[in-house]
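Everything below concerns the one structure shown next.
For ligands, and for the atoms within them, numbers begin at 1 and follow the listed sequence. Please read these numbers as outputs of a predicted model, since none were measured by experiment.
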Amino acid sequence: MVANGNVIGLVGSPNREGRTNQLVGTALAGASQAGAPIELIQMSDHVVAACKDCLPWVCKENRKCTYEDEAFEFLSQKILNCGALILGTPVYWWDTSGLVKYLILKMFRVYARSAPLQGLPAFGIAIAGGTGNGLVSGLRPLYHFFQTMQMRALEPLPATRFNFDAALKRANELGAKIAEMAQRRDPFKGLEDRLLWYDALSYLNLSRADERRLLADLTVQGLPPHEGAPLALRLARADQLAAAGKRLDALVEITGVYDAGAKAFEGKS
Ligand SMILES: Cc1cc2nc3c(=O)[nH]c(=O)nc-3n(C[C@H](O)[C@H](O)[C@H](O)COP(=O)(O)O)c2cc1C
């Protein structure tokens, strides 16, 4: 399949005007400013049906879902023919949305074995727009998809309401970067090369405790210095506790920082 060079952005939220849309739209604007043709697709217009597990497993040879699924046909052809993929999901219960999950599962079933997306540049955005919990765990299914399909993924973008402006800026930069990569596909030399590439990406290997620390840090960064500075000191104290092996105490302190940071953020917004 020959790539047409379009950078496509999939909005994996049922909310067409929401934060996922803003982030994906801003990433595409970055790609467009860098000279790439772009296309934004609302996944809510193309709702993929659940994989029904065709037996015998013929879809992997036919490269087509055995059952009628216009939405899957549409989205999979867009992905197969694009120059780069930006996939945005809202975080629902620390995970991706169902819109995204059903697409991913069907893509695995039909295309993982033939691997037509080798080297396709991609990156994922997850917006944990409520508490902020799941900002990293919501990204993992996207990166499992990119990795399994052998795409060449850029660093992920975890977004929350606390770092939303910074996340928009980063989305724009990553969009510009992926526009350059869309000129050609760069497949991995082998499985080992691919595993090491994905292991080196930021955020994805954080522990649950470290994910919580990241979230607490983002709430602090979103505050004016006079409010943020005392909380930053508490985070440093939590790090000292963790270094001394007092991991439970450290995490309790981190939660205290998060609670205080989120409350202060709400006060100013
Ligand atoms: C079913 C459901 C589950 C959610 N779970 C989380 C969550 O785990 N963490 C979080 O920060 N926000 C959560 N949210 C809030 C959404 O992430 C937030 O509203 C986000 O802005 C949705 O993206 P959108 O604006 O593009 O629709 C949840 C929302 C819904 C509807």
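- Relative ring orientation between F188 and Y198 is described as tilted, the plane-to-plane angle lying within the 30° to 60° band.
- Looking at atom 10 (C) of ligand 1, its nearest protein heavy atom turns out to be G130 N, 3.5 Å.
- Atom numbering of ligand 1 starts at 1 in the shown order; those under 4.0 Å from a heavy atom of G129 are 11 (O), 12 (N), 16 (C), 17 (O), 18 (C), 20 (C), 21 (O).
- Those atoms of ligand 1 with a heavy atom of G18 less than 4.0 angstrom away are 25 (O), 26 (O).
- Nearest protein heavy-atom neighbour of atom 2 (C) of ligand 1: Y92 CD2, 3.5 Å.
- Residues S13 and N15 have side chains that never bring a donor and an acceptor to within less than 3.5 angstrom of each other.
- Short contacts between ligand 1 and S13, defined as distances under 4.0 Å to a heavy atom of the residue, involve ligand atoms 24 (P), 26 (O), 27 (O).
- When distances from atom 19 (O) of ligand 1 to the protein are checked, no heavy atom turns up under 4.0 Å.
- Ion pair D95/R140 not flagged as a salt bridge, since none of the NZ, NE, NH1 or NH2 atoms sits closer than 4.0 Å to an Asp/Glu carboxylate oxygen.
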Practice prompt. Give the intermediate values and the outcome of side-chain contact (heavy atoms from CB on, under 4.5 Å) for residues E211 and Y203.
Written response: CA-CA 8 Å; E211 179 172 352; Y203 303 113; over 6 Å; no
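- Classification of E173 and R170 as a salt-bridged pair holds, one side-chain N sitting under 4.0 Å from a carboxylate O.
- Remark: E253 engages R234 in a salt bridge, criterion side-chain N to carboxylate O under 4.0 Å.
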Worksheet item: Going through the distances and angles, do L105 and V48 end up as a side-chain contact (heavy atoms from CB on, under 4.5 Å)?
Response: CA-CA 10 Å; L105 290 176; V48 173; over 6 Å; no
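- Proximity to I127 (heavy-atom distance under 4.0 Å) selects the following atoms of ligand 1: 17 (O).
- Remark: minimum distance from atom 22 (C) of ligand 1 to any protein heavy atom is reached at P90 CB, 3.6 Å.
- Counting only heavy atoms of the protein, atom 5 (N) of ligand 1 lies nearest to W93 N, 2.8 Å.
- The G132 neighbourhood of ligand 1 comprises atoms 10 (C), 11 (O), with distances under 4.0 Å to a heavy atom of that residue.
- Judged by the shortest distance from any of its heavy atoms, G134 lies outside the 4.0 Å radius around the atoms of ligand 1.
- No side-chain donor-acceptor contact under 3.5 Å links Q118 and R185.
- Of the heavy atoms in A128, both backbone and side-chain atoms come closer than 4.0 Å to ligand 1.
- W94 N, 2.9 Å is the protein heavy atom nearest to atom 8 (O) of ligand 1.
- Regarding atom 26 (O) of ligand 1, its nearest protein heavy-atom neighbour is T20 OG1, 2.6 Å.
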Discussion item. Show, in sequence, the C-alpha distance, side-chain angles and deciding distance for D186 and R184, and conclude whether the side-chain contact (heavy atoms from CB on, under 4.5 Å) test is met.
Written reply: CA-CA 6 Å; D186 182 15; R184 65 184 187 93; 4.3 Å; yes
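- Residue contact check: N133 has heavy atoms under 4.0 Å from atoms 7 (C), 8 (O), 9 (N), 10 (C), 11 (O) of ligand 1.
- The closest protein non-hydrogen atom to atom 21 (O) of ligand 1 is R19 NH1, 3.2 Å.
- Cation-pi check for R212 over Y258 is met; the charged atom lies under 6.0 angstrom from the ring centroid and within 45 degrees of its normal.
- Salt-bridge annotation for E266 and R161: present, with a side-chain N of the basic residue lying under 4.0 Å from a carboxylate O of the acidic one.
- Scanning all protein heavy atoms for the shortest distance to atom 13 (C) of ligand 1 gives V91 O, 3.2 Å.
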